[in-house]
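Please read the structure below before turning to the comments.
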Amino acid sequence: MRKIVIAGNWKMFKTQAESQDFLRDFLPTLEETPSEREVLLCVPFTDLNILSKSLHGSRVQLGAQNVHWEENGAYTGEVSAPMLTEIGVRFVVIGHSERRQYFGETDETVNLRIRAAQKHGLTPILCVGETKQQRDNGETEIIIINQIKRGLVDIDQSNLIIAYEPIWAIGTGDTCETKEANRVIGLIRNQLTNPNVPIQYGGSVKPNNIDEIMAQPEIDGALVGGASLEAADFARIINYQN
Ligand code: PEP
């Protein structure tokens, strides 16, 4: 049985004070949410500690947006898995296209980060996706298959989430056709040894398209950027209609 996982990715948004304002509006909206839906917030490092306390006793789980592969060392600006687990973080986004594009993340460093996350009991959310140019060149399948194969070398697929995020759909309002997202996610599933890995769709998920997205049989949830910053929008996404 595959889990449904809906995760907010706050990127580099929200101070601690703003995170508390968000929760005041957001948490009450979860009362009617079906219990089988897992809800995560993946937030900037500086928000993790306060959110760990504020989310205690709620059904919302906490995620970071990156993790280094060493446990400690001379890696200025990085954060390790034990530093995250100590404060109650359970999930970590790895290989987001913004990290691949702006910070030189490669499939090899993505793989190292996933290994370290799993070793310390974190659940990695591996992000994969093609650029517009790669899609136009007919390279979507090969790009995705390579990202999956290289990212998952020696990875335990029983503690893993994958997010298919076509780069041209992220933050653009240009959502991937739901049937096409479903097709690519099916293709990703065919590369896996564990058919129960939850595979999310990400890329301009909004209150007005979530019902259609979640109606697709291969799609097990969503990774939500911009729309997770507004409590009402994220609440509508979590409470999608079957
Ligand atoms: C993301 O940040 O992973 C994302 C999909 O962003 P957006 O929902 O804003 O497109």
Side-chain angles (χ1 to χ4, degrees), residues 2-3 5 7 9 11 40 42-45 48 61-86 89-131 134-135 139-167 170 181 184-203 218 220-223 225:
R2 299 188 331 242
K3 283 195 268 188
V5 186
N9 171 23
K11 311 189 191 224
L40 326 178
C42 301
V43 304
F45 289 131
L48 287 171
Q61 302 188 76
L62 193 54
Q65 298 174 7
N66 200 9
V67 64
H68 196 263
W69 50 90
E70 296 292 347
E71 290 175 17
N72 49 53
Y75 300 103
T76 303
E78 293 282 332
V79 168
S80 74
M83 292 169 182
L84 296 175
T85 54
E86 183 190 37
V89 175
R90 298 270 318 279
F91 295 82
V92 58
V93 176
I94 297 181
H96 192 281
S97 63
E98 288 154 12
R99 295 221 51 92
R100 293 179 191 256
Q101 188 179 351
Y102 305 130
F103 301 100
E105 202 75 69
T106 64
D107 291 326
E108 288 66 38
T109 55
V110 163
N111 178 257
L112 289 172
R113 292 182 201 275
I114 296 175
R115 289 181 197 211
Q118 287 189 335
K119 181 175 170 204
H120 292 278
L122 291 162
T123 301
I125 304 175
L126 164 63
C127 301
V128 296
E130 79 288 358
T131 63
Q134 289 163 339
R135 174 161 283 267
E139 295 168 356
T140 299
E141 291 76 10
I142 191 68
I143 294 290
I144 300 295
I145 289 171
N146 280 339
Q147 287 176 343
I148 291 288
K149 285 206 164 126
R150 293 176 187 155
L152 293 184
V153 173
D154 291 334
I155 295 303
D156 172 10
Q157 295 189 8
S158 68
N159 180 28
L160 177 69
I161 297 170
I162 294 174
Y164 169 54
E165 299 208 301
I167 295 169
I170 297 179
V184 178
I185 288 177
L187 180 91
I188 293 172
R189 202 176 304 287
N190 285 339
Q191 308 304 312
L192 304 177
T193 51
N194 175 7
N196 292 323
V197 173
I199 309 181
Q200 303 170 311
Y201 167 75
E218 294 287 354
D220 304 322
L223 183 55

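The structure presented is a predicted model; accordingly, all values stated were derived computationally and were not measured.
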Which residues share a ring pair (Phe, Tyr, Trp, His ring centres under 6.0 Å) with His120, sequence neighbours left out: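 Counting only residues at least two positions away or on another chain, His120 forms no ring pair (Phe, Tyr, Trp, His ring centres under 6.0 Å).
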Separation between [atom1] of [X] and [atom2] of [Y], rounded to the nearest 0.5 Å:
| X | Y | atom1 | atom2 | result |
| --- | --- | --- | --- | --- |
| Asn66 | Thr109 | CG | OG1 | 8.5 Å |
| Gln65 | Cys42 | CD | SG | 7.0 Å |
| Ile199 | Ile162 | CD1 | CD1 | 5.0 Å |
| Ile148 | Tyr164 | CD1 | OH | 11.0 Å |
| Leu160 | Asn196 | CG | CG | 12.0 Å |
| Ile125 | Ile114 | CD1 | CD1 | 11.0 Å |

Nearest non-hydrogen partners of [X] and [Y], listed with the distance:
| X | Y | result |
| --- | --- | --- |
| Ile94 | Pro124 | CD1-CB, 3.9 Å |
| Val67 | Ala117 | CG1-CB, 4.3 Å |
| Arg115 | Val153 | NH2-O, 3.4 Å |

Start with the C-alpha gap between Glu98 and Ile170, add the side-chain angles, then the distance that decides, and say whether side chain to side chain contact (heavy atoms under 4.5 Å, CB included) holds. CA-CA 9 Å; Glu98 288 154 12; Ile170 297 179; 3.8 Å; yes
Look only at the side chain of [X] and the backbone of [Y], and say whether a donor-acceptor pair between them is shorter than 3.5 Å.
| X | Y | result |
| --- | --- | --- |
| Glu165 | Val128 | no |
| Gln118 | Asp156 | yes |
| Gln147 | Gly129 | yes |
| Gln61 | Leu40 | no |
| Tyr102 | Gly104 | no |

With sequence neighbours left out, what residues match [X] under salt bridge (charged side-chain N to carboxylate O under 4.0 Å, His left out)?
| X | value |
| --- | --- |
| Lys149 | none |
| Arg135 | Glu130, Glu180 |
| Arg189 | Glu218, Asp220 |
| Glu108 | none |

Which residues pass the side chain to side chain donor-acceptor pair (under 3.5 Å) test with [X], sequence neighbours left out?
| X | value |
| --- | --- |
| Arg100 | Asp107 |
| Glu139 | none |
| Arg150 | none |
| Gln200 | none |

Check this for me: Asn72, atom CG, are more than 12 non-hydrogen atoms of other residues, nucleotides or ligands nearer than 6.0 Å?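 No, not enclosed.
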Gln101-Ser97 side chain donor-acceptor pair, cut-off 3.5 Å: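 Distance-only check fails for Gln101 and Ser97.
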Close side-chain approach of [X] and [Y], heavy atoms under 4.5 Å:
| X | Y | answer |
| --- | --- | --- |
| Leu126 | Leu152 | yes |
| Met83 | His68 | no |
| Val184 | Ile144 | yes |
| Leu122 | Phe91 | no |

Passes side chain to side chain contact (heavy atoms under 4.5 Å, CB included), Gln191 versus Ile188? Steps please. CA-CA 5 Å; Gln191 308 304 312; Ile188 293 172; 5.5 Å; no
Under the rule for side chain to side chain contact (heavy atoms under 4.5 Å, CB included), what residues qualify as partners of Lys3, not counting sequence neighbours?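 By the side chain to side chain contact (heavy atoms under 4.5 Å, CB included) rule, Lys3 matches Val5, Glu38, Pro198.
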Taking only residues two or more places apart in sequence or in another chain, which ones pass side chain to side chain contact (heavy atoms under 4.5 Å, CB included) with Ala64?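 Per chain and number, Ala64 pairs via side chain to side chain contact (heavy atoms under 4.5 Å, CB included) with Phe45, Leu48, Leu84, Val89, Val92.
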Quick test of your reading: applying side chain to side chain donor-acceptor pair (under 3.5 Å), list the pairs with at least one residue in residues 74-86, sequence neighbours left out, ordered by first then second residue.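 For residues 74-86: Glu78-Arg113.
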